[in-house]
Amino acid sequence: DMKVTQMPRYLIKRMGENVLLECGQDMSHETMYWYRQDPGLGLQLIYISYDVDSNSEGDIPKGYRVSRKKREHFSLILDSAKTNQTSVYFCAIPGHAEQFFGPGTRLTVL
Amino acid sequence: QQQVRQSPQSLTVWEGETAILNCSYEDSTFNYFPWYQQFPGEGPALLISISSVSDKKEDGRFTIFFNKREKKLSLHITDSQPGDSATYFCAASYMGYKLTFGTGTSLLVDP
């Protein structure tokens, strides 16, 4: 079974602090995704990584950056977090034609 | 502009009834449509999917009906169980690239 891990699962930060969300996978998939999920908005794509150091903006990249130095790990970084970045963040890897999601990180920015 | 729309936003059915969740899309290039089920505190999990070459896909109590001409899909959950209470997301893509998600339908099955 494909497994996607995310750390931490819960995080509370103050506005202006830096945030690092980590995602890991055990299948050496080249492609990985970061989404955020907000009530009433579904899942919105933030960034796609096609392999190490090969990243592409998704639909809502503003305020975020990513890092992929090893194929197994994909990080989402918020430099100077804002209150409107309070959300649940999901990492995903591709399957045959669908995507497999991690358990999510619930981020609260106060 | 929301390219994938879902209705209703929330739905309550009695145990044993059939729940019908609707989805529509705008982009005619979309040809793959997965439905995801999400329980509170968990990530979305693939439930069932259909490609545009089919008009129906069945998996146990879950059936997708697809109308390509009208760009509409529906997910039917027959003999609904309390354990089916979850949020269901319709998604669409071209050949599995870059999924576009709907806003979800929250289903509650009353025992």
Side-chain angles (χ1 to χ4, degrees), chain A residues 1-11 21-25 29-50 54-61 74 76 87-108, chain B residues 1-10 21-27 29-54 57 59 62 64 73 75 86-106:
Chain A
D1 281 355
M2 298 182 187
K3 187 173 182 180
V4 180
T5 59
Q6 291 188 238
M7 291 293 289
R9 293 294 315 277
Y10 302 91
L11 187 61
L21 305 184
E22 306 268 26
C23 174
Q25 50 119 345
H29 277 282
E30 295 173 344
T31 304
M32 298 182 75
Y33 307 86
W34 273 109
Y35 290 85
R36 65 177 282 175
Q37 184 178 36
D38 302 287
L41 293 179
L43 289 109
Q44 298 175 274
L45 181 64
I46 305 172
Y47 265 96
I48 307 170
S49 176
Y50 295 106
S54 178
N55 306 312
S56 179
E57 294 180 347
D59 297 323
I60 54 162
F74 188 31
L76 180 68
S87 187
V88 181
Y89 291 87
F90 289 100
C91 177
I93 59 174
H96 172 64
E98 64 283 331
Q99 293 177 16
F100 294 94
F101 288 82
T105 294
R106 182 174 292 276
L107 172 66
T108 301
Chain B
Q1 188 178 11
Q2 190 70 30
Q3 290 210 46
V4 177
R5 291 188 173 88
Q6 288 187 248
S7 65
Q9 187 174 358
S10 62
L21 289 66
N22 301 303
C23 178
S24 63
Y25 63 97
E26 297 179 2
D27 191 334
T29 64
F30 288 151
N31 61 1
Y32 177 72
F33 305 90
W35 284 81
Y36 286 82
Q37 181 188 55
Q38 185 179 29
F39 295 106
E42 299 181 8
L46 180 67
L47 178 66
I48 186 174
S49 61
I50 193 168
S51 70
S52 59
V53 298
S54 303
K57 177 77 173 290
D59 184 358
F62 301 90
I64 300 174
L73 306 90
L75 174 67
T87 300
Y88 293 81
F89 291 96
C90 172
S93 74
Y94 171 71
M95 300 293 288
Y97 298 117
K98 194 184 175 192
L99 289 173
T100 298
F101 285 85
T103 55
T105 293
S106 178

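Within every chain, numbering begins at 1; the chains are lettered A, B, ... in the order of the sequence lines, protein sequences first and strands thereafter. The structure displayed is predicted, hence computed values, not measured ones.
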Review point. Which answer fits A:D38, side chain, backbone, both or neither, if we ask what part of it has an atom under 4.5 Å from a heavy atom of chain B?
Key: neither
Review point. Considering residues at least two apart in sequence or located in another chain, which fulfil the side-chain contact (heavy atoms from CB on, under 4.5 Å) criterion with B:S24?
Key: B:R5, B:K72
Exercise for review: Please assess B:Y32 against B:S49 for the test side chain to side chain donor-acceptor pair (under 3.5 Å), listing each intermediate value before the final yes or no.
Suggested key: CA-CA 7 Å; B:Y32 177 72; B:S49 61; 3.1 Å; yes
Practice item. For B:D27, enumerate each residue passing the side-chain contact (heavy atoms from CB on, under 4.5 Å) test, keeping only those at least two apart in sequence or located in another chain. Key: B:Q3, B:T29, B:F30
Review point. Between B:D59 and B:K57, is the closest basic N to carboxylate O distance under 4.0 Å?
Key: no
Practice item. Sort A:L43 into side chain, backbone, both or neither according to what part of it lies under 4.5 angstrom from a heavy atom of chain B. Key: both
Review point. Non-hydrogen atoms of chain B under 4.5 Å away: do they reach the side chain of A:R106, the backbone, both or neither?
Key: neither
Check your understanding: Listed by chain and number, what are the salt bridge (charged side-chain N to carboxylate O under 4.0 Å, His left out) partners of A:E57, not counting sequence neighbours?
Key -> none
Exercise for review: Select all residues of residues 38-45 of chain B having any heavy atom within less than 4.5 Å of some heavy atom of chain A, and report them by number, or 'none'.
Suggested key: B:Q38, B:G41, B:E42, B:G43, B:P44
Review point. Heavy-atom distance under 4.5 Å to chain A: side chain of B:L46, backbone, both or neither?
Key: side chain
Exercise for review: Kindly say whether B:C90 contributes a backbone atom to a donor-acceptor pair with the side chain of B:Q6 at under 3.5 angstrom?
Suggested key: yes
Point to revise | Donor-acceptor contact present, side-chain A:Q6 to main-chain A:C23, <3.5 Å | key: no
Exercise for review: Say whether, by atom type as modelled, one donor and one acceptor occur between the side chain of B:T105 and the main chain of B:P8 under 3.5 angstrom.
Suggested key: yes
